[in-house]
Amino acid sequence: MPVPNLTSPTPNDIFYKGTYMAYVAHQETYGGVVFKENGVAKDAFQSIADHGANVVRLRIDNPPYRSSYTTGYADVDFGSPEKVKLGMQRAKDAGLKTLLTFGYQSMALEDNQKLNRYVAPLQWQGIATDNEKLKDAIYNHTFTVLEDYINSGLTPEIVSIG
């Protein structure tokens, strides 16, 4: 068996090390969570950067963010483009890159609002069977959010769809 040609990594070889941070702001806001290191409060994004991370994953979802499923509990708006933008800024401030996932769904749809089981956003239920309209809606939503982030100096390193 031939020996594989092994080469040393170059600066162009990127290894991403990080974690999913989309729920951090929700826990801080609604759960009263204070992230600490050695008993001292510390920004969660800065903490993982200080321990070798170079990327965080954040996720965008669509409205509604409140329903009977969230009654007595905090809204699930931590996936809104506005709240995710705050997470993008925290990541940037900590020197982290971002992997931004577009989920195209809502975690708070009522059962009677789910007109099509394949398309979760309430605003897209009526066009769920029209592939052209659905494609345009997804494209426009994604483009609008990314354009806002980029114009704000918050360009994600990686974008994942779905």
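One-based numbering along the sequence shown. Given the structure is predicted, the values throughout are model-derived calculations rather than measurements.
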Verdict with supporting geometry, Leu154 and Lys92, side-chain contact (heavy atoms from CB on, under 4.5 Å): CA-CA 7 Å; Leu154 300 170; Lys92 181 179 180 178; 3.7 Å; yes

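- With rounding to the nearest 0.5 angstrom, the OH atom of Tyr16 is 12.0 Å from the CG atom of Leu96.
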Which is it for His141 and Val145 under the side-chain contact (heavy atoms from CB on, under 4.5 Å) test, yes or no, and what are the steps along the way? CA-CA 6 Å; His141 169 69; Val145 171; 3.9 Å; yes

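- In this structure, Leu134 and Trp124 have side chains that are in contact, with non-hydrogen atoms separated by less than 4.5 Å.
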Run the numbers on Leu146 and Phe102 for side-chain contact (heavy atoms from CB on, under 4.5 Å), then give the verdict. CA-CA 10 Å; Leu146 285 174; Phe102 283 84; 3.9 Å; yes

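- When all heavy atoms are compared, the tightest approach of Thr98 to Pro156 is OG1-CA, 3.2 Å.
- Looking at residues two or more places apart in sequence or on another chain, you find a side chain to side chain contact (heavy atoms under 4.5 Å, CB included) between Glu147 and Phe143, Asn151.
- In the hydrophobic clustering of ILVMFWY residues, with side-chain heavy atoms under 4.5 Å counting as a link, Ile161 and Tyr139 come out apart.
- Once rounded to the nearest 0.5 Å, the distance linking OH of Tyr149 with NZ of Lys85 reads 7.5 Å.
- For the pair Glu132 and Lys135, the salt-bridge criterion is met [side-chain N within less than 4.0 Å of a carboxylate O].
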For residues 31-42, which side-chain donor-acceptor pairs fall under 3.5 Å, sequence neighbours excluded?
{"unit_1": "Glu37", "atom_1": "OE1", "unit_2": "Ser47", "atom_2": "OG", "d": "2.7"}
{"unit_1": "Glu37", "atom_1": "OE1", "unit_2": "His51", "atom_2": "NE2", "d": "3.2"}
{"unit_1": "Glu37", "atom_1": "OE2", "unit_2": "His51", "atom_2": "NE2", "d": "3.1"}
{"unit_1": "Lys42", "atom_1": "NZ", "unit_2": "Asp50", "atom_2": "OD2", "d": "2.5"}

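- Put simply, the side chain of Phe45 does not reach to within 4.5 Å of the side chain of Asp93, judged on heavy atoms.
- Between atom CG of residue Asp61 and atom OH of residue Tyr104 there is a gap of 11.0 Å, rounded to the nearest 0.5 Å.
- In plain terms, the two heavy atoms of Phe78 and Val84 that are nearest each other are O-CG2, 3.7 Å.
- In this structure, Gly18 and Ala53 approach most closely via the heavy-atom pair CA-CB, 4.0 Å.
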Can Thr19 and Arg57 be said to form a side-chain hydrogen bond (donor to acceptor under 3.5 Å, both in side chains), step by step? CA-CA 6 Å; Thr19 190; Arg57 179 174 173 242; over 6 Å; no

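- In this structure, CG on Leu58 lies 8.5 Å from OG1 on Thr101, to the nearest 0.5 angstrom.
- The two residues Lys133 and Ile127 make their nearest non-hydrogen contact at O-CD1, 3.6 Å.
- Looking at every heavy atom in both residues, Ala49 comes nearest to Ala94 through CB-O, 3.4 Å.
- At a threshold of 4.5 Å between non-hydrogen side-chain atoms, the residues Glu157 and Leu99 do not count as touching.
- Using the six-membered ring where Trp is involved, Tyr30 and His26 have ring planes that are tilted, between 30° and 60° apart.
- Ile158 has its side chain out of reach of Leu100: every pair of non-hydrogen atoms, C-beta onward, lies at least 4.5 Å apart.
- Going from atom CZ of Phe15 over to atom NZ of Lys17 covers 7.5 Å, rounded to the nearest 0.5 Å.
- For Lys97, the NZ atom sits in a loose shell: 12 or fewer heavy atoms of surrounding residues, nucleotides or ligands are nearer than 6.0 Å.
- Put simply, CD on Gln46 and CZ on Arg90 are 10.5 Å apart, with the number rounded to the nearest 0.5 Å.
- Legend: residues meeting side chain to side chain contact (heavy atoms under 4.5 Å, CB included) with Thr144, ordered by chain and number and at least two apart, are absent.
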